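All figures in this text were calculated on a predicted structure; none of them were measured in a lab. Residue indices begin at 1 and follow the sequence shown.
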Amino acid sequence: MEPATTEAAKAESSRVRAFYELTKPGIAGYVTITAGASAFVASRGSLDLWLAINTMLGTWLATAGALALNQYAERETDARMRRTKGRPIPSGRVSPAAALYFSQVLLLSGLAYLTYMVSWVPAAVAATSALAYQGVYTPLKSRSYAATLAGGVPGALPTLIGWSAATGAIEPAGFALFAIAYLWQLPHVLGLAWMLRDDYAIVGFKLIPAGGGRVIGMHMVTATAALLPTVVMPSVLGYTGPWYLGGALIATTYFLWVTIGAARDMTDAAAKRVFMVSLVYHPALLGLMLFDTVSF
């Protein structure tokens with residue numbers, strides 16, 4: 001292969017990777033898994049394979065588009081923070097115009113795919129999630145801690161995308177999964193925000209409440225304590241069995257113990273521990289749900 005051809009191939013590969021990074025693949029992938037798991041529970045373990053594939057593909061497209069659009073919207077603040085200045089737009093690997101076009105195509109394709117291949121209900125939920133993310137959470141980040149509370153909504157809506165895809169409706173048990181995902185996000189985000197507080201201060205992001213580490217810790221404890229009665233609801237409503245129920249209570253009790261420790265002495269190490277436990281906690285609950293979904 002000629003050197004010029006090799007260099008062109010490398011440049012094209014680098015450009016593809018940059019667009020892939022715009023989609024925040026780790027987050028988009030987890031959102032897709034969450035929607036699929038929710039659909040499986042809603043179907044009581046009898047989810048049609050093609051429905052699962054279509055739901056997850058449409059969810060991924062819409063989520064990837066929304067996340068890429070967020071990087072376009074926050075390109076100027078991203079360029080000022082140490083953690084984000086290497087992202088595709090501020091690093092110059094993708095132009096703002098290309099990122100905007102790419103994100104819109106992905107988002108609209110995902111919504112259209114969900115509408116025509118699944119139904120309008122999950123498509124409407126996905127559209128609501130994208131709208132809340134861009135129209136509420138993003139502008140609030142520099143104004144109020146309410147951004148963190150509001151941001152949990154689009155973060156939890158994938159549960160309802162999956163649920164409505166399987167049932168055609170949004171039912172009480174679907175809201176139980178939504179509430180679990182919402183409450184889980186609060187200590188997760190607060191732990192990360194505490195660790196990144198200096199970076200966030202540079203751009204004026206207000207993702208943690210005023211009052212210092214003890215106040216933040218109490219917010220973590222409150223949200224995690226609220227999970228205890230919430231995680232039992234899938235079993236109370238008859239969608240999951242005793243293995244899920246027991247495992248969920250044990251996991252939530254441990255998570256609560258970790259947040260209580262952080263509230264007593266909020267250090268970077270304590271916040272990191274909350275964050276790391278949160279990374280395992282919700283996937284563990286989804287795994288228990290998949291393992292112990294009750295069928296009729």
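Applying the ring pair (Phe, Tyr, Trp, His ring centres under 6.0 Å) rule to pairs touching residues 50-87 yields nothing, sequence neighbours excluded. For residues 106-121, the pairs satisfying side-chain hydrogen bond (donor to acceptor under 3.5 Å, both in side chains) are Asn54-Tyr113, with sequence neighbours left out. Applying the salt bridge (Lys or Arg N to Asp or Glu O under 4.0 Å) test to residues at least two apart or on different chains, the pairs with a partner in residues 20-36 are Glu21-Arg93. Screening residues 46-55 for salt bridge (Lys or Arg N to Asp or Glu O under 4.0 Å) gives no qualifying pairs among residues at least two apart or on separate chains. Every pair passing side-chain hydrogen bond (donor to acceptor under 3.5 Å, both in side chains) that includes a residue from residues 162-181 is listed here, sequence neighbours excluded: Trp163-Glu171. Within the structure, every pair that satisfies the salt bridge (Lys or Arg N to Asp or Glu O under 4.0 Å) test and touches residues 130-155, not counting sequence neighbours, is listed here: Glu74-Lys141.
Considering only residues two or more places apart in sequence or on other chains, Arg87 meets the salt bridge (charged side-chain N to carboxylate O under 4.0 Å, His left out) condition with Asp78. Partners of Tyr182 according to the ring-ring contact (aromatic ring centres under 6.0 Å, His included) rule, which considers only residues two or more places apart in sequence or in another chain, do not exist here. In this structure, Arg214 has no salt bridge (charged side-chain N to carboxylate O under 4.0 Å, His left out) partners at least two apart in sequence or on a different chain. Partners of Phe175 under the ring-ring contact (aromatic ring centres under 6.0 Å, His included) rule, at least two apart in sequence or in another chain, do not exist in this structure. Legend: residues meeting side-chain hydrogen bond (donor to acceptor under 3.5 Å, both in side chains) with Tyr137, ordered by chain and number and at least two apart, are absent. Partners of Trp194 by ring-ring contact (aromatic ring centres under 6.0 Å, His included), not counting sequence neighbours: none found.
Ring geometry, Phe205 versus Tyr200: the interplanar angle falls from 30° to 60°, so the pair is classed tilted.
Two rings, from Tyr281 and His188, have their centers 6.0 Å or more apart.
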